[in-house]
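Each chain gets a letter, A, B and so on, in the order the sequences are listed, and its residues count up from 1.
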2 protein chains.
Amino acid sequence: MHDHSIAELPSLRRQKILLLLERDGKVMASELSQHFAVSEDTIRRDLAELDSAGLVQRVHGGALPRPKDSGKDYFTRLDETDEVKVRLAQLAAQHIEDGQIVLFDSGSTTLQVARALPADIRITAVTASPLTAIALSEYKGVKVILAGGELNPHSMSASGQEALRLLAGIKADLAITGVCAIHPEVGITSLHFDEVPIKQAMLDSATRVIAVTTADKLGAVEPFVVAPCTRLHTLITERHPGSGNVEDYRRLGIVVEQLPD
Amino acid sequence: MHDHSIAELPSLRRQKILLLLERDGKVMASELSQHFAVSEDTIRRDLAELDSAGLVQRVHGGALPRPKDSGKDYFTRLDETDEVKVRLAQLAAQHIEDGQIVLFDSGSTTLQVARALPADIRITAVTASPLTAIALSEYKGVKVILAGGELNPHSMSASGQEALRLLAGIKADLAITGVCAIHPEVGITSLHFDEVPIKQAMLDSATRVIAVTTADKLGAVEPFVVAPCTRLHTLITERHPGSGNVEDYRRLGIVVEQLPD
DNA sequence: CACAAACAGGCATAACCATGCACGACCACT
DNA sequence: AGTGGTCGTGCATGGTTATGCCTGTTTGTG
């Protein structure tokens, strides 16, 4: 019933709030306060944080699941995607060469990479994300292999044994991954527990790994560790002053490419 | 069947009012007051709020659905074959019940079925089509299992050993299939060789099979045989004079449902 | 018209909320 | 150690929202 752990890590508590929200379809500030034995103020701050992160819908008295974007909204959302991501994707796409076997992670950034390929590309693409699979199947010269299994509603990608087994049987030349968060020492971390094994399997199956990420993810840490930074060979990101220094990654032997200003 | 989990969250209550309105076509203030165990004043304020947000049409005694924009309907109506498919899909969707495990074939018709499900449906859905998988993942209560493997560019669905093995391990209550062609004696046939094994596997894994098809497919024959008609339990099609007589199928023991004129 | 149901506006109360502040824990650095 | 910074938390303040009840008015119906 109650959570007996004495000192809750804030991020862990927020993670649990998300689980409760998914289970019950709603959470109330007063109940959460009691459940975690913290003041309602803390819960309110948690919910405000989760709301601004786009993970819940804050309402009076608590929070509700974020309404899913419907199909047509999805395409408009693609149009709204940051122009920065498109430019990063174009940079990443230049690393992909004819004849390669390429793993595509799920996520909006890698989806943009899939859309940024030259029209006459000839590769074999492997992905666990149906969205990315559809984008890739637009290319006549791309053979698309889709990993199956139960679909994770958050990341819109397959997870579980089924997908892992398929990935384990593949040795790819290249993996394109978008990272939730990356930190020079902690490594690559994710917000969703379910995504971790599949991301790990992708990194394991690829001889070369390219990560594409916006500058705000640099130096960030999420609850679940995917891999150390040393797994990366190339990091493609923006040139952005202030946030994380890319030299930290270069010292780890990672090739860092940055968008021209 | 009252809502025993009282909605303490105002916004959740309004959300549920919208669902009730969609389900019943109308809501009455007095009934809602009883249903949610709040005063009629509160319900009135809810309805006023929803009305000013443009989500319902407030009337004396309750509220009605807001008349839809004719703009969107206009574009969808441009393609009248789609219109028929949508209506067929709605008919098929009525056969799907909460708790079932449902196989969704690939194809535009079954995709429409996936879109025609009630918003609060709770099922486990299995499909080899990433497009259908995405449509299904819009529903909160639907667990989506995607069959993986190489993507067939024609049908936009996974085929091959990988997908077959997943389907073989599933015993579903229901399969929804759109047929390329169906003939009383020849049976169900397909234009694409690659699709045949996967369609067969779906039919084998389901205890009940519903086929949805437009009238022009009745009596047609394509090169590759999938299964005899006796595999079908229900056939949903248009009422269309001239083309194939549905009595042929009824004599085979198939329940035939037709669109009202 | 007469009558009951539904309504709008005002009011009081309780729950909920945003903000600022203070305290303690922790970390980095001299 | 010491020091200064950040972070998470709880508390106090005053503002906002939601709700139920009241009063009088409007609407639909026989």
> CG of A/Leu50 to CD of A/Gln15: how many Å apart, nearest 0.5 Å?
9.0 Å
> Tell me the closest heavy-atom pair linking A/Ser106 and A/Ser157, and the distance in Å.
CB-CB, 3.5 Å
> How many Å lie between CG on A/Leu32 and P on C/dA15, as a whole number?
18 Å
> Are OP1 or OP2 of D/dC11 and a side-chain N or O of A/Ser39 less than 4.0 angstrom apart?
no
> Measure from CZ on B/Arg58 to C1' on C/dA8 and round the result to the nearest Å.
11 Å
> What integer distance in Å separates B/Gln34:CD from C/dA6:P?
12 Å
> Just the rounded figure in Å: distance from P of C/dA18 to CD of A/Glu49.
13 Å
> Would you say the side chain of A/Met202 lies within less than 4.5 Å of the side chain of A/Thr177, judging by non-hydrogen atoms?
no
> Quick one: A/Ile43 CD1 to C/dC17 P, roughly how many Å, whole number?
11 Å
> Check whether any side-chain heavy atom of B/His95 lies under 4.5 Å from a side-chain heavy atom of B/Glu257, and answer yes or no.
yes
> Can you give one letter per nucleotide of nucleotides 22-30 of chain D, going 5' to 3': B for a protein heavy atom under 4.0 Å from the base, S for sugar-phosphate only, - for none?
B----S---
> Quick check for you: among C/dA6, D/dG20, C/dC17, whose closest atom lies nearest to any side-chain atom of B/Glu40?
C/dA6
> Distance check, rounded to the nearest 0.5 Å: B/Thr42 atom OG1 versus B/Arg13 atom CZ?
6.0 Å
> Check whether any side-chain N or O of A/Ser30 sits under 4.0 Å from OP1 or OP2 of C/dA15, and answer yes or no.
no
> Between B/Asp98 and B/Arg122, does any side-chain N to carboxylate O distance fall below 4.0 Å?
no
> Let me test you: for the helix from C/dC1-D/dG30 to C/dT30-D/dA1, what is the angle between the axes at its two ends (five pairs each), rounded to 10 degrees?
30°
> From CZ of B/Arg45 over to C1' of C/dC11, roughly how many Å is that when rounded to an integer?
11 Å
> So, taking the atom named CG in B/Leu131 and the one named CG in B/Leu111, what distance separates them when rounded to the nearest 0.5 Å?
6.5 Å
> Send over the distance from A/Asp46 CG to D/dG8 P, rounded to a whole Å.
10 Å
> Under 4.0 Å from OP1 or OP2 of D/dA18: is there any side-chain N or O of B/Arg13 that close?
no
> To check you understand the geometry: which heavy-atom pair defines the closest contact between A/Leu167 and A/Ser205, and what is its length?
O-OG, 2.8 Å
> DNA chain C: B/Ala29 or A/Val59, which has the more 5' nearest nucleotide?
B/Ala29
> If you measure from the Lys or Arg side-chain nitrogens to the Asp or Glu carboxylate oxygens, is any gap between B/Glu40 and B/Arg44 under 4.0 Å?
yes
> To the nearest Å, how far apart are B/Leu9 CG and C/dC17 C1'?
14 Å
